[in-house]
Amino acid sequence: MLAIFLSGIIVSGVVYYNILLGNAENEVNTQANLLISTVDAIRKYNAERVTPLLEKQSEEKMLIEAIPSVAMVKVFDIFTNAIQDKYGEYRYRNAMINPTNIKDKADENEIKIIEKLSQQYKPKGKNIAEGYLTMNGENKRYFYTARPIIIEKSQTSCLSCHTSLETSPQSLQALYKQGVYTGNNGFGWELDKVIGTKIIYVPADKVDKITKQNFLIILGTFMAIFAISISLVNLWLKQHIVRPLNQITQVAEAVSLGDMDANFENEYKDEIGRLADAFRRVKTTLEISIKRPRS
């Protein structure tokens, strides 16, 4: 019984752990997508409402704070710092194939994610990539959730800054002349083409922690239910199987020693009851045989 119990616990534990790991990934993925949607809404608001108002003011000087992607990162940092206990370990990146700021250059892993998003991209689809990776320069695994960065027809104003240096605003050209930005970085972007990814990294330890917490709760509940069930079954066996068999055994031993008055009450109508009736008939036959005169 103990071996069956332990085997059941081990097998169930492995199955439940894998299920809970998937649930934890879905939970983190949902949170990450919510954050991406939030900062994406800020980017859209910034691009559609704020930037047009600042165009005249930024003809001579590029206002970095007015750039939608910069606003996204800043707002994300403010948000995660405000809710440090829950989102403090979350990291957000605009990983681009050819960014204006070299710090946003996609690394080898992020290039693969961008290629994956590009291959599976469907207009108005979910277009989400997720998985695990080890970031360059860090001996630490992360769970990531990524969405594509793509310039849609409603965002053609972005191309005014990212088609070529010659056609970009004078204020942006000034930054290249000053060496703030270099080379052909940030140009050559195309309409309706995946040019990067909005990606959130969460330490894999956080996913494992959520999984283990839920696993311990479910495993504890399962073990408690299983232990109670075993106890109830054991109690039933003692009451309806072991006790009647012990009574029959005691009477059988007494009869074997010559005590033909030994008897017991048969209160059962199951197999134990039929066994008791059969033993009583054997005892009666034995009594008759003993009392019968020998010829």
Side-chain angles (χ1 to χ4, degrees), residues 29 32-33 35-44 46-48 51 62 64-77 90-138 142-169 171-173 175-202:
N29 185 44
N33 274 295
L35 291 176
I36 292 177
S37 297
T38 301
V39 294
D40 214 22
I42 295 168
R43 180 202 60 75
K44 186 175 182 180
N46 199 300
E48 295 180 358
T51 302
M62 176 65 70
I64 302 298
E65 293 78 6
I67 300 175
S69 60
V70 175
M72 291 171 66
V73 174
K74 296 296 183 183
V75 170
F76 186 85
D77 289 341
Y90 284 51
R91 297 170 62 175
Y92 177 82
R93 254 177 66 77
N94 289 313
M96 310 291 291
I97 296 175
N98 184 28
T100 301
N101 190 334
I102 197 64
K103 292 180 179 179
D104 294 330
K105 180 76 174 178
D107 62 24
E108 183 179 350
N109 290 322
E110 291 165 341
I111 288 292
K112 292 179 181 178
I113 294 171
I114 294 171
E115 291 174 349
K116 180 179 179 181
L117 288 168
S118 182
Q119 292 171 0
Q120 69 181 30
Y121 178 77
K122 293 181 180 179
K124 297 183 179 181
K126 290 185 177 180
N127 301 311
I128 297 172
E130 60 183 62
Y132 291 91
L133 58 76
T134 301
M135 297 184 68
N136 293 342
E138 295 187 31
Y142 286 85
F143 177 78
Y144 69 86
T145 297
R147 289 189 191 175
I149 295 177
I150 185 169
I151 300 176
E152 300 175 346
K153 292 180 179 179
S154 60
Q155 303 168 333
T156 52
S157 60
C158 292
L159 295 179
S160 63
C161 293
H162 298 288
T163 300
S164 67
L165 179 61
E166 292 75 19
T167 60
S168 64
S171 56
L172 182 58
Q173 291 184 32
L175 293 177
Y176 279 86
K177 291 177 181 178
Q178 296 167 14
V180 177
Y181 303 130
T182 59
N184 195 42
N185 294 335
F187 298 114
W189 295 10
E190 298 179 27
L191 194 66
D192 293 328
K193 184 177 180 181
V194 177
I195 56 175
T197 177
K198 298 165 284 192
I199 186 166
I200 286 183
Y201 293 102
V202 183

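The main-chain N or O of G186 is found under 3.5 Å from a side-chain atom of H162 such that the two form a donor-acceptor pair. Between the side chain of Q173 and the main chain of L165, a donor-acceptor pair closer than 3.5 Å is present. Using a distance-only test at 3.5 Å, with no hydrogens or angles considered, no donor-acceptor pair links the side chain of T197 to the main chain of A146. Formation of a donor-acceptor pair under 3.5 Å by the T167 side chain with backbone atoms of S164 is found in this model.
Of all heavy-atom pairs spanning L117 and R147, the tightest one is CD1-C, 3.7 Å. Considering all non-hydrogen atoms of both residues, P148 and N127 come closest at CD-O, 3.1 Å. Counting all heavy atoms, side chain and backbone alike, N98 lies closest to W189 at O-NE1, 3.0 Å. For G183 against Y176, the heavy-atom pair with the smallest separation is O-CE2, 3.8 Å.
A 4.5 Å side-chain heavy-atom check between R91 and I200 finds every atom pair outside the cut-off. Taking 4.5 Å as the limit, some side-chain heavy atom of I151 sits within range of a side-chain heavy atom of I195.
Listed by chain and residue number, E190 satisfy the salt bridge (Lys or Arg N to Asp or Glu O under 4.0 Å) test with K193 (two or more places apart in sequence, or in another chain). Applying the side chain to side chain donor-acceptor pair (under 3.5 Å) test to Y132 and every residue at least two apart in sequence or in another chain returns E25.
To the nearest 0.5 Å, atoms CZ (F143) and OH (Y90) are separated by 9.5 Å. Distance check: T100 OG1 to N94 CG gives 11.0 Å after rounding to the nearest 0.5 Å. Distance check: I102 CD1 to N185 CG gives 4.5 Å after rounding to the nearest 0.5 Å.
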Q. Hey, mind stepping through Y121 and I150 against side-chain contact (heavy atoms from CB on, under 4.5 Å) and telling me if it holds?
A. CA-CA 10 Å; Y121 178 77; I150 185 169; 3.6 Å; yes
Q: I would like to know whether Y144 and V202 meet side-chain contact (heavy atoms from CB on, under 4.5 Å); could you show each step before the answer?
A: CA-CA 6 Å; Y144 69 86; V202 183; over 6 Å; no
Result block: side-chain N/O donor-acceptor pairs under 3.5 angstrom for residues 104-115, not counting sequence neighbours:
residue: K105; atom: NZ; partner: I97; partner atom: O; Å: 2.6
residue: D107; atom: OD1; partner: N109; partner atom: N; Å: 3.1
residue: D107; atom: OD1; partner: E110; partner atom: N; Å: 2.8
residue: N109; atom: ND2; partner: T134; partner atom: O; Å: 3.1
residue: E110; atom: OE1; partner: R93; partner atom: NH2; Å: 2.9
residue: E110; atom: OE1; partner: D107; partner atom: N; Å: 3.0
residue: E110; atom: OE2; partner: R93; partner atom: NE; Å: 2.9
residue: E110; atom: OE2; partner: Y201; partner atom: OH; Å: 2.6

